[in-house]
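Note sheet for the following structure.
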Amino acid sequence: MAHPLQLGFQDAASPIMEELLHFHDHALMAVFLISALVLYIISTLMTTKLSNTNTIDAQEIEMVWTIMPAIILIVIALPSLRILYLMDEINNPDITIKTIGHQWYWSYEYSDFTDLNFDSYMISTKDLLPGQFRLLEVDNRMTTPIGMATRMLISAEDVLHSWAVPTLGVKTDAIPGRLNQASFLISRPGVYYGQCSEICGANHSFMPIVIESLPIKEFLNWTSASVNS
């Protein structure tokens, strides 16, 4: 999760987020090179007293500064389109979880299991245990297995919400009367935090998302205990 004074992104916990981080570095390098070149040209023009009348009307340089931006846009756009298709591609998910946003909590339903559903409320500050994070902990965590393709079906009951977990590279709007879907694959065990990313009322800041990723054996033990409880 994020920490104070952090300048970059959170560590990726899914292949999609790793792709997004690589694309960010790729695009940022292009922006840096363009900015450096423009700054160099401006500083050169402002500091030199020499000028050439050929630069006033030069077809060659006009072709260069017309074609080069087009090439740069293509170099940036192609990886972006690839990632967009990867994020939308959902083929044969191993597990499906439905989440519904309410004012102001989330409810989860595991479609592949019988009677496995629960509500997830934020733990108030006075009830936090040592080591828990304020405004981020919940009473019931959403649990997923490691290395299995997970499909999220996301909707809302009352107003607009947004189910977002930065570490997984997932952010999908929860809209009343509409069922959106997102997918992710968690590559390592851990606890990942997110929050509602759509202003949804007075307690918008108090509906966190907590995902706990477990090995498949421990996940099955958790499902058995949850169904029996």
Side-chain angles (χ1 to χ4, degrees), residues 1-33 35 76 79-80 83-84 86-87 95 97 99 101-108 118-150 152 154 160-174 182-216 218-219 222:
M1 63 176 295
H3 56 79
L5 302 180
Q6 180 174 337
L7 297 179
F9 291 97
Q10 301 180 29
D11 292 337
S14 69
I16 290 296
M17 190 58 191
E18 291 179 2
E19 292 287 343
L20 289 172
L21 291 178
H22 293 157
F23 174 71
H24 168 267
D25 297 339
H26 168 74
L28 194 63
M29 183 57 63
V31 171
F32 173 77
L33 293 176
S35 302
I76 294 176
S80 175
I83 295 175
L84 283 175
L86 288 176
M87 294 177 68
I95 183 172
I97 304 174
T99 179
H102 310 266
Q103 288 183 310
W104 288 271
Y105 65 95
W106 297 96
S107 60
Y108 297 96
F118 53 86
D119 297 330
S120 180
Y121 290 87
M122 186 193 75
I123 300 177
S124 61
T125 303
K126 61 183 179 63
D127 296 327
L128 289 175
L129 299 176
Q132 291 185 328
F133 300 104
R134 177 177 173 270
L135 302 183
L136 287 177
E137 295 291 348
V138 296
D139 55 355
N140 292 308
R141 294 175 174 176
M142 173 184 144
T143 304
T144 59
I146 302 171
M148 297 184 68
T150 303
M152 296 296 302
I154 302 167
L160 291 176
H161 299 280
S162 183
W163 198 82
V165 183
T167 310
L168 304 179
V170 176
K171 181 181 183 296
T172 304
D173 288 341
S183 65
F184 59 84
L185 187 150
I186 300 180
S187 54
R188 54 189 172 88
V191 179
Y192 309 107
Y193 296 88
Q195 287 179 305
C196 176
S197 296
E198 187 76 42
I199 297 177
C200 56
N203 293 331
H204 158 67
S205 302
F206 307 115
M207 49 184 304
I209 301 162
V210 182
I211 300 177
E212 184 173 3
S213 180
L214 299 174
I216 182 63
E218 295 182 20
F219 172 75
W222 174 84

Open item on the list: Could you check whether any side-chain heavy atom of Ser14 comes within less than 4.5 Å of a side-chain heavy atom of Leu185, counting everything from C-beta outward?
Closed with: no
Task: Qualifying residues under ring-ring contact (aromatic ring centres under 6.0 Å, His included), relative to His24, sequence neighbours excluded - done: Phe9
TODO: For residues His26 and Pro79, report the shortest heavy-atom separation together with the two atoms involved.
DONE: NE2-CG, 4.1 Å
TODO: Grab the two heavy atoms, one from Leu168 and one from Ala13, that are nearest each other, plus how far apart they are.
DONE: CD2-CB, 3.9 Å
TODO: Could you pull out all residues at least two apart from Phe118 that satisfy ring-ring contact (aromatic ring centres under 6.0 Å, His included)?
DONE: Tyr108
TODO: Kindly give the heavy-atom pair with the smallest separation between Gly194 and Leu136, and that separation in Å.
DONE: O-CD2, 4.4 Å
Open item on the list: Suppose the criterion is salt bridge (charged side-chain N to carboxylate O under 4.0 Å, His left out): which pairs have a residue in residues 199-214, not counting sequence neighbours?
Closed with: Arg141-Glu212
- [ ] Would you check, one step at a time, whether the test side-chain contact (heavy atoms from CB on, under 4.5 Å) holds for Thr144 with Ile95?
- [x] CA-CA 9 Å; Thr144 59; Ile95 183 172; 5.9 Å; no
Open item on the list: With side-chain hydrogen bond (donor to acceptor under 3.5 Å, both in side chains) as the rule and sequence neighbours excluded, what pairs involving residues 183-209 come up?
Closed with: Glu137-Tyr193
TODO: Rounded to the nearest 0.5 Å, what's the gap from CD1 on Ile146 to CD1 on Ile186? Could you check?
DONE: 8.0 Å
Open item on the list: Less than 4.5 Å apart, side chain to side chain, heavy atoms only: is that true for Trp106 and Met142?
Closed with: no
Task: Ile216 vs Met148 side-chain heavy atoms within contact, under 4.5 Å - done: yes
Task: Euclidean distance, Ile209 CD1 relative to Thr99 OG1, rounded to 0.5 Å - done: 7.0 Å
- [ ] Would you mind reporting whether Cys196 and Phe206 have side-chain heavy atoms less than 4.5 Å apart?
- [x] no
Task: Heavy-atom pair with the smallest gap, counting every atom of Met17 and Pro166 - done: SD-O, 3.3 Å
- [ ] Starting from the C-alpha separation in whole Å, work towards a yes-or-no answer on side-chain contact (heavy atoms from CB on, under 4.5 Å) for Leu128 and Phe133.
- [x] CA-CA 8 Å; Leu128 289 175; Phe133 300 104; over 6 Å; no
Task: salt bridge (charged side-chain N to carboxylate O under 4.0 Å, His left out) pairs, two or more places apart, involving residues 14-24 - done: Glu19-Arg82
TODO: Taking all non-hydrogen atoms of both residues into account, name the closest pair between Ile76 and Phe23 and its distance.
DONE: O-CE1, 3.3 Å
Task: Separation between OH of Tyr121 and CE of Met207, rounded to the nearest 0.5 Å - done: 10.5 Å
TODO: Determine whether Ile211 and Val191 make a side-chain contact, defined as any pair of heavy atoms from C-beta on separated by less than 4.5 Å.
DONE: no
Task: Nearest-0.5 Å distance that lies between atom CD in Glu218 and atom OG1 in Thr143 - done: 10.5 Å
Open item on the list: What I'd like to find out is whether the side chain of Met152 reaches to under 4.5 Å of the side chain of Trp163, using heavy atoms alone.
Closed with: yes
Task: Point-to-point distance, once rounded to the nearest 0.5 Å, from CD1 of Ile123 to CG of Asp139 - done: 6.0 Å
Open item on the list: Nearest 0.5 Å, please: how far is NE2 in His102 from SG in Cys200?
Closed with: 12.0 Å
Task: Taking every non-hydrogen atom, the tightest pair across Ala182 and Ile154 - done: CB-CD1, 4.4 Å
Task: Heavy-atom donor-acceptor pair, Ser120 side chain to Asn140 backbone, under 3.5 Å - done: yes
Task: Set of residues satisfying side-chain hydrogen bond (donor to acceptor under 3.5 Å, both in side chains) with respect to Thr167, sequence neighbours excluded - done: Gln10
